[in-house]
Each structure stands twice: as C-alpha cells, then as structure tokens.
Amino acid sequence: MGERGALLPGATLGVLGGGQLGRMFVHAAQAMGYATAVLDVDESSPAGLVSHVHVITGYLDERGLAALAEAADAVTTEFENVPAAALDQLAASVPVAPSGAALAVCQDRAREKAHFDACGVASAPHAVIEMEADLAVDPSLLPGILKTAGLGYDGKGQVRVNDQSELEAGWEALGRVRCVLEQRLELAYEVSVVLGRGADGAIVHLPLQENVHRDGILAVTTVPAPSATPAVADEAFGAAERIAASLDYVGVLCVEFFVLADGRVIANEMAPRPHNSGHHSIDSCDISQFELQVRTLAALPLGDPRQLRPAVMLNLLGDLWFPGDGDTQQEPDWPAVLALSGAHLHLYGKTEARRGRKMGHLTLTGETAEAARDTALAACAALGIAPF
Ligand code: ADP
Ligand code: MG
C-alpha cells in the first residue's frame, strides 16, 4: 500500500478476525466516528458482537471476503495467520495494511529471524529443522526450545528439549513439521515495543513495556519498564523501528525482546498487530495501540502516544472463573477489584470461561510506579492471581 489520502470518520474500517484485539480495534474506530466490518467464522466473536457489520465466515470463503471488501474502505488484521490467498483477494479491491508480504515474514519464525538478522538485530542462536537430517544440530543449541515455525501462540507449539534424544522425540511430538530450535537463554527480563508506522513512513511508539510470562502466556505488563536502562530502551526502540521500516510496514507492529544479564537485547518474535503487552495504553497513554491502528489504517497523522501515568496490566485468564479444583464456575469478585482506585476492567464478552483462555485484562494506574504496583498487588490478592 503506497501513500494514499486519509479515510475520514464516517468511512468503514474492516478487520480480519473477531477476537479481543479486533473488538478493541472496533471500539477505538467507533469512538472516532468510523463504522466497522469484521470477518470471523464465530457468530458470537468478541469483535463481531460490537461491529456494525459482521461477515460470519472463514478466511478462505471468497464470497465472504468479497462482502468484506464491499463493506470496508480499508482492511487490517488482528490475526497474523490469515492465509496469503485471503489477503491477495482483498488487496485487489481495497487497501490492506499491513501487507501480505509483511504478514508472511511474521507467520514463520525462521523467516522472522532471518529478517531480524538482515536488520542487524540479534536473535537467539537457532537452527531450522525441516527434515530428519536437520536434527544433527550444533550441540551448543542444547538445552533448547523447539518451536513450530508457524501457528504458535501463548506457548503452544513449543517443547523444551535438554539433549539430542529429547530433540528427536520433541520433533516427533510436534508432528515433524517445520520447526526452529532455539538455544535456551538465561533471561534477565523481557520487554516489548509497540509501534505504529504510517504509509508515509512516519513512526511513533508506545513506552517500553516489561513483561512477565507464566506457562508461556503473558501474565503481567509493567510500564514504565522497571528493569530497563535507557540504553536497553534505546536499543529496543531502534531495533523495532529498523524492523518495521525495512518491511515497509504500515500498521501497528509489536516486537518482543529478551534482555540478558549482560544487558544484551535479543529479538524474540514480532506480531503484525496490536499486542497483549500494549493493552495498558487504553488507560495509561494519550493514544492507545488500537487508536494507533485506526490512524495508520485511515492514513491519519499518528499523534504522540506518550504515557500519562504509570500502569500495570494483569491478564485475566479463564482459570480465575474456577477458584476450586473442580468444574464449578464462579464469577470473579469484580466489585472488590473495582473498589481499588485506578482499576480499569476490560472483559472481552466471551461467553465460556476455559482455563488458559484470555477472558479480559485489568489495568491498574497510579500517580507513581510504586502506587500502580501496590494497587496491582491488591488486585492480585482480590482475584487469586499469584503476585509478581
Ligand atoms: P509465543 O509465540 O507463544 O509467545 P514465544 O517464542 O514468545 O512464544 O515464547 C514464549 C515465552 O517463552 C517467551 O516470552 C519467553 O518467556 C520464553 N522463551 C521463548 N524462547 C526462549 C528462549 N530461547 N530462551 C529462554 N526463554 C524463552
Ligand atoms: Mg511471544
């Protein structure tokens, strides 16, 4: 998508995928006076439930894609694994951002790492495993983490392998699909950068986020990042900007980084869309990551998403609905949480709670970083989330 005129409020913005990211995009678009169109196969998808138009079909239904292109003046995605054919069909009749070419890089861990390398950004030492012979890896990669090259999320599609025989068994267990074996690094902490890049090449970013994962799923994001030095922040911002610019990226992009004990900043992976670690921005920044997505898609000025107040974001997983050992479902104690000053509750409208499922998030803001953290710890205690 080259430079084009702005799409003004009143136009219709489309999104592929109806999950919580699509829902928060729809909220931001509607707040600015846009109509929205969502394509998702689930008739009660979180975004579909709140959109003006909901095309209820899968990504490969040509008639459904034609209906989305007809309804929308521009289309973005909330899901990186949209098939290339779907994007190609849409792009033939409506502006699509980010491009299919950018998505293709993000869809495959090996291509992603090659792109980091081409941008002069370090990633974990790794090897691509495509066939039996590739299992004869450099022993320095073990112990490692074997990850499917495509379709992984929230720690799914990954196995920790300590030695050569576990590597062989792990590849078997993952179905002998194309994988990347990464050396397991000793992480000091993890950070992420969410940026927006316009069709004119302008880039703005959210403040650096520090992230704690539990069982491979994001649990806590703290902003400003308490562990990061200014040098680490500058390096992460610079790397993310180079990665976006060299993809000629248009839209919101997130890059996740590992920081090692010696201060080295290593790119982990990227997501071609708003990211769970940027959800705090709805309540803590001048411009949220979803408004940024609207602005990039509509070719509007990007503004300045500076932070207004310190924040901690807690993910609300379905586990919170099952406080006992059994299957008895119970609504978490929201009044107790909302009694805390600075608590912002976001629930995604999912009808069924399941363990490990992202049901919502809670952002706790404060006058100071310490106050936001104290409130977040009080919220953890009220909800039965392990403290951080
Ligand atoms: P997902 O796509 O599921 O988010 P990631 O590759 O980001 O998968 O891995 C999830 C988490 O697992 C990371 O945020 C990090 O905590 C841990 N992890 C992943 N790769 C490595 C590695 N090479 N060394 C150490 N920890 C890792
Ligand atoms: Mg990740």
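It should be emphasised that the depicted structure is a prediction, and the values quoted were computed from it without experimental measurement. Just follow the structure's listing: the first ligand is 1, and inside any ligand the first atom is 1.
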Would you mind running through ligand 1 and noting each atom that sits below 4.0 Å from a heavy atom of Glu256?
-> 7 (O)

Does ligand 1 have any atom sitting under 4.0 Å from a heavy atom of Gln183?
-> yes

With a 4.0 Å heavy-atom cut-off (strictly under), which part of Asn268 contacts ligand 1: side chain, backbone, both or neither?
-> side chain

Does atom 11 (C) of ligand 1 have any protein heavy atom closer than 4.0 Å?
-> no

Give me the ring orientation class for Tyr348 and His279: parallel if the planes are under 30° apart, tilted from 30 to 60°, perpendicular past 60°.
-> perpendicular

Note: OE2(Glu269)-the Mg ion (ligand 2)-OE1(Glu256) angle, rounded to 10 degrees, equals 100°

Is the number of heavy atoms from other residues, nucleotides or ligands within 6.0 Å of CD (Glu130) greater than 12?
-> yes

Atoms of ligand 1 less than 4.0 Å from Lys147 heavy atoms?
-> 5 (P), 6 (O), 19 (C), 20 (N)

Considering non-hydrogen atoms only, spot the tightest contact between Asp108 and Arg111 and give its length.
-> OD1-N, 2.9 Å

Passes salt bridge (Lys or Arg N to Asp or Glu O under 4.0 Å), Glu78 versus Arg273? Steps please.
-> CA-CA 6 Å; Glu78 62 118 48; Arg273 50 167 172 77; over 6 Å; no

If only atom types and distance count, is the side chain of Arg295 paired as donor or acceptor with the main-chain N or O of Pro301 below 3.5 Å?
-> yes

May I ask you to check whether Phe258 has an N/O atom sitting below 3.5 Å from an N/O atom of ligand 1?
-> no

Any idea which atoms of ligand 1 are less than 4.0 Å away from a heavy-atom of Glu190?
-> 13 (C), 14 (O), 15 (C), 16 (O)

Atoms of ligand 1, numbered as shown, that sit under 4.0 Å from any heavy atom of Arg109 = 1 (P), 2 (O), 6 (O), 8 (O)

Crowding at CZ, Arg355 (>12 non-hydrogen neighbours, <6.0 Å) = yes

Over all heavy atoms of both residues, which pair between Leu302 and Ile287 is shortest? Give the atoms and the distance, please.
-> O-CD1, 3.6 Å

